[in-house]
Amino acid sequence: MTGAVAPVDLPTTTMGQRGVWASLRKRPVFWICSAVLALLVVVALVPQLFAGLFGQPDPRACQLGDSSQPPSATHVFGTDLQGCDIYANVIYGTSTSIFIGVLTTVLCLAIAIVLGTIAGYVGGVLDRLISRLTDVFLGFPFLLGAIVVLNSVGGRSPVMVALVLAFFSWPTMARLVRGAVRGVKGTEYVQAAQAMGIPDSRILARHVVPNSIGPVMAIAATMVGSVIVAESTLTFLGVGLQSPSISWGLQLSNAQSYFSSAPHMLLFPSLFLSVTVLALITLGDILRDTLDPKGRR
Amino acid sequence: MSEPLLQVDDLKVEFRVGADVVPAVRGASFTLHRGEVLALVGESGSGKSVSALSLVGLLPDTASVSGSARLDGDELIGMPESRMRHVRGDRIAVVFQDPTNALDPVFTIGFQIGEMLRRHRPSMSKAERQERTLELLRMVELPDPEQRIRSYPHQLSGGQAQRVMIAMALSCDPELLIADEPTTALDVTVQREVLDVMRRLQQRTGTSILLITHDMGVVADMADRVVVLRRGLVEETAEVQALFDAPQAAYTQELLAAVPQLGSPERPVPEASEPVLRVQDLVVEYKVRRGVVRAVDGVSLEIGEGEMLALVGESGSGKSTIGKSILGLAPLTEGSVTIGGLDLATASRRQVREVKRSIGVVFQNPTAALNPRATIGDSIGEPLHVHERMRGAALSSRVGELLERVELPASWAARYPHELSGGQRQRVAIARALALEPTLLIADEPTSALDVSVQATVLELLRELQRDLRFACLFVSHDLAVVDALCDRVAVLHRGRVVELGSRRRVLMAPEHEYTQRLLEAAPLPDPRAQRARRAA
C-alpha cells in the first residue's frame, strides 16, 4: 500500500502543457548536457574555427624537436611524441571519434530494435532463431573477429570501422530489447489492444516499442562512449584507423606507454572523452525519465 | 479493564517524496488491550498499514514518525534499531498479505521457522527447536507436519503458506501479532480456513492481534473492537457490534453502506433472445514442461442480448481463461465460440477482426490495462481511430462524449493514467471498452482491485450503462455479493467445469451443488451477529 490518496473532487481544467519538451526545458542539467554536446558537434563540424585559438591551428604541423613537451604558452595542452600540438589534435579528433561513436550506436540500435522486437513479440521459432544468433555473436571473441574482418577489408575508413564495431556489438542490445518487449507484451494494455482487434503493427508502434525503449536508450547513450574507447583499442592494435587519421583513440593509444613520463599526453584526450561520455549518459538518463510520463513534472 | 498492552497517542507519519512531504498518518490514537483483536479498517491511502508498520520500524527511510506508541510501557517510536530488533519477532510479530512472497523460496519451511527460534531463543538445542517447530505447525493445523517440515514454499498452497507464516510469527510467543491484510490474497474458502485457525489460536494463546483489513466481513468475523481510519485520521473507534449496529461517523456509515451484501431483491430479467455469445464444449489446454494442463474442461454457456451472465469461481477455476479464449487471447483446444452467429474457429482473419469490433473488454487491474505513455484520450480513441478511421475533431468530440458517459470531465482527455485514481482509471477502461458500441462486454473482475466505496460507484455505472446500451455482458468475478447486485444469471466454475448454472436468485439463494454452498458459506458476512450465529451453527 502506498501513501497516495485518491482525489475525490474532479477539477475540470487540464494541467497545461506537459509534453516531453515542456518537461525537458525545465531541467538545468538538460541544458548543460545539451550545451556541451552542441559545442562538441560544432567542434566536430568546423574544427578549424577552434584549432587556431591558441596559435597552433594545424594538427599535422609537428616538430620532432618539441617532442613530449608539457603544457606551455605555445602548446596549451603540450605536445605528443612526434611534437604535434595536442590541443589541435584533440579538436580535429573530435569529428572522427564522435562520428564513429554515433554511427555505430545508431546502427546497433536499428538492428537491435528490429530483431529484438521480432524475437520478443512474435516469439516461437523466430525467437529461438534470433536468440541463438545473438548467442553466437556474443560467444564470438570480439577483438579476434574485428581483427580478422578489418584485416581482410581494403580501406579502413571511419565508416568501415563503425560498421565492424556495430557488427559485433548489437547482440547485447538486442537481448535487452527482447527482454523489455517480452515484459510489455504480457501487460494487460497490450492484451486489451489485441482483444480490440488493433493490428499488430500499430500495437508495436504505439504500445510495445515506446514502453520498452526507455532502458535501451539509456544504454545506447553510454554505448557511444564505449564505442569511442573500442575504436581506440582497435587502433592501438593496428587494425583500426590508420595515420594520417586523427582521433582521440589514436591519441590515447599513442600516449599510454608514456603515461609516467608525459601524463598530459593521455590526460587531455581522455578528459574530452570523459566529458563527452558523461554528457551523453546524463542526457540518456534525462531522456529516459522524461519519455516516461510519470517522470514528468 | 486491565492495563492496555499497546497505547498509541497522536501517531504521525510523513513521507518525503522528492521535495514534498506527504502526510500518511495525521495524528492517530488508539489502544489495544491484552487478549483483544483490534481491527484497523480503512480504504487504500487511509494509513492503516503505515500506522501498524511504524510500530515495528519497518517503514522505508523516507518516512518520519512522531508521536508515541507504548508497548507495555516501552516507547516504540524512536527506539534504537538494536533494541527494536529484539522487539520485532520476539514481542511483536507481523504477518503480511502475500504469503508466497513472504517466504524465502530456497529454504524449507522447517528451516525458516527454526531460524526465528535460533535468532530469538539462542539457548534452545537443535532437538528442542525441531520439537517447537512441529508444535507450531500443529498449532496452525497444517496437515501432516512431520512431512511438511521438509517442504519448500512452492510445494504449499496459498492457505498453507499463510499458516506457516502465522506459525513463524507465533514461534516466540509474541505479546502482539500484527496481521496486515492476512487473507486478502487468498480465495474465499481458503480465507475461511485461515481465519478459523487465527480465531482458535487467539482463543487458546490469548495473543493480542492488531488486524489490518479493508474487508468488513473479516472485521465482523474476527474483531472485538474497530478503529476506522480515513486519510490518516481516526474517524471512529467502537466495539464491533456497536459499529455495525449504529455507526457514528458519516464516513463509517458510507463505508458500511457500500459493502455489497447478498440478498438483492428481484429485478426484471431481460427477455430471451438470440444469443450474442454461445460457447459450446470449450476446452482450453496449456502445454507446460511436464504434459498438459486443462484450464477449461468442457464449458458451455450462452448470453442473450442485454443479459449479464456471471462466471464465479476461485483462482484456478478457469473463469478468466474462458474470457480470454473468447477474446482470442487463449488457445481454443476443443469446442466452439460463436459470437453474433460467427464461429471464431472457422472464420477468416478479416471476419475475426470484424467480430472483435463488437466485443469490449475491461480487465481487473485498471493500472495495467492502460498504456502509461498514452493519454487517456488516446487510449479511448484508439479503437475508433483504427476501426472507424475517425480523426481530428470528430475523434476528440467522441472521446469527450465517452468520458462524460463514464462521468469524467471531457477535458481530462489530455491526462495520463498515473494522474488518475484507481476508480477513475477503471472508468477510462470502461469508456474504451464502450467506444465501438459493443454488443458483448467481457468484464474480468473489473472491481476487485478497487476500494469498496469506489467499487460501489463503478458497479452502479456498469449497471446504468448496460441498461442504456443493452450489451450482453460476461462478468467474471469471485465476489458473490457483487454478482448478486449486478447479474441476471450465474455460472459457478470449479476446476474448469461449470458445476451450477441458473438464474441469480436460484443459484445464490437455493444453491444445489455442494461447491456453490461451500462458496456461499465461506464468505464472511459483514454483520457480527449473523457471522457469530453462522459460526455457532
Side-chain angles (χ1 to χ4, degrees), chain A residues 1-20 22-23 27 123-124 180 183-214 217 287-297, chain B residues 13 15 17-18 22-24 43-50 181 231-232 324 327-329 352-357 359-361 363-365 368-375 378-379 382-383 386-387 408-409 411-419 421-424 429 432-433 436 442 451 454:
Chain A
M1 202 188 74
T2 58
V5 177
V8 176
D9 48 322
L10 307 177
T12 47
T13 50
T14 51
M15 291 168 131
Q17 269 296 313
R18 288 154 313 143
V20 177
S23 159
R27 292 167 179 249
V184 174
K185 186 195 174 187
T187 58
E188 286 188 347
Y189 57 87
V190 171
Q191 291 191 358
Q194 286 170 339
M196 285 187 296
I198 310 288
D200 283 337
S201 55
R202 190 183 161 88
I203 295 180
L204 283 173
R206 301 282 299 212
H207 301 294
V208 175
V209 173
N211 278 296
S212 45
I213 204 87
M217 290 310 280
L287 271 181
R288 188 197 52 202
D289 290 350
T290 40
L291 284 175
D292 179 357
K294 279 179 228 150
R296 284 181 216 156
R297 281 199 219 128
Chain B
V13 183
F15 285 95
V17 183
V22 182
E43 299 189 291
S44 48
S46 61
K48 55 190 191 302
S49 286
V50 172
E181 302 269 8
R231 297 193 190 174
K324 287 207 168 122
L327 293 165
L329 298 175
V352 169
R353 188 173 299 172
E354 272 307 299
V355 163
K356 278 189 177 174
R357 291 182 49 165
I359 313 176
V361 56
F363 286 114
Q364 171 173 1
N365 184 347
L370 296 171
N371 183 347
R373 276 162 207 273
T375 62
D378 286 344
S379 285
E382 183 163 40
V386 169
H387 291 296
L408 291 175
S411 58
W412 278 23
R415 292 195 172 202
Y416 285 93
H418 70 273
E419 296 166 345
S421 70
Q424 290 164 351
R432 175 178 65 183
L436 294 170
I442 299 195
D451 276 326
V454 181

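Each chain gets a letter, A, B and so on, in the order its sequence line appears, and its residues count up from 1. As the structure is a computational prediction, the values presented were derived from the model and not from experiment.
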Student: Quick one: does M196(A)'s side chain get under 4.5 Å of V386(B)'s, heavy atoms only?
Tutor: no
Student: Specify which of R432(B), E354(B), R357(B) makes the most heavy-atom pairs with chain A at under 4.5 Å.
Tutor: R432(B)
Student: Considering all heavy atoms of both residues, which atom of L327(B) and which atom of A195(A) are nearest to each other, and what is their separation?
Tutor: CD2-CB, 3.8 Å
Student: Go through the atoms of L329(B) and report whether side chain, backbone, both or neither lie under 4.5 Å from a heavy atom of chain A.
Tutor: side chain
Student: I need the minimum non-hydrogen distance between Y189(A) and P372(B), along with the two atoms involved.
Tutor: CE2-CD, 3.5 Å
Student: Is a donor on one side and an acceptor on the other found under 3.5 Å between the side chain of K356(B) and the backbone of I198(A)?
Tutor: no
Student: Using a 4.5 angstrom heavy-atom cutoff, name the option from E181(B), E382(B), R353(B) with the most pairs to chain A.
Tutor: E382(B)
Student: Write down the atom of E188(A), the atom of Q364(B), and the distance for their closest heavy-atom approach.
Tutor: OE1-N, 4.3 Å
Student: From N365(B) CG over to T187(A) OG1, what is the distance, rounded to the nearest 0.5 angstrom?
Tutor: 11.0 Å
Student: Can you tell me how far apart CD (Q191(A)) and NZ (K324(B)) are? Round to the nearest 0.5 Å.
Tutor: 4.5 Å
Student: Return the OG to CZ distance between S379(B) and R206(A), rounded to the nearest 0.5 Å.
Tutor: 9.0 Å
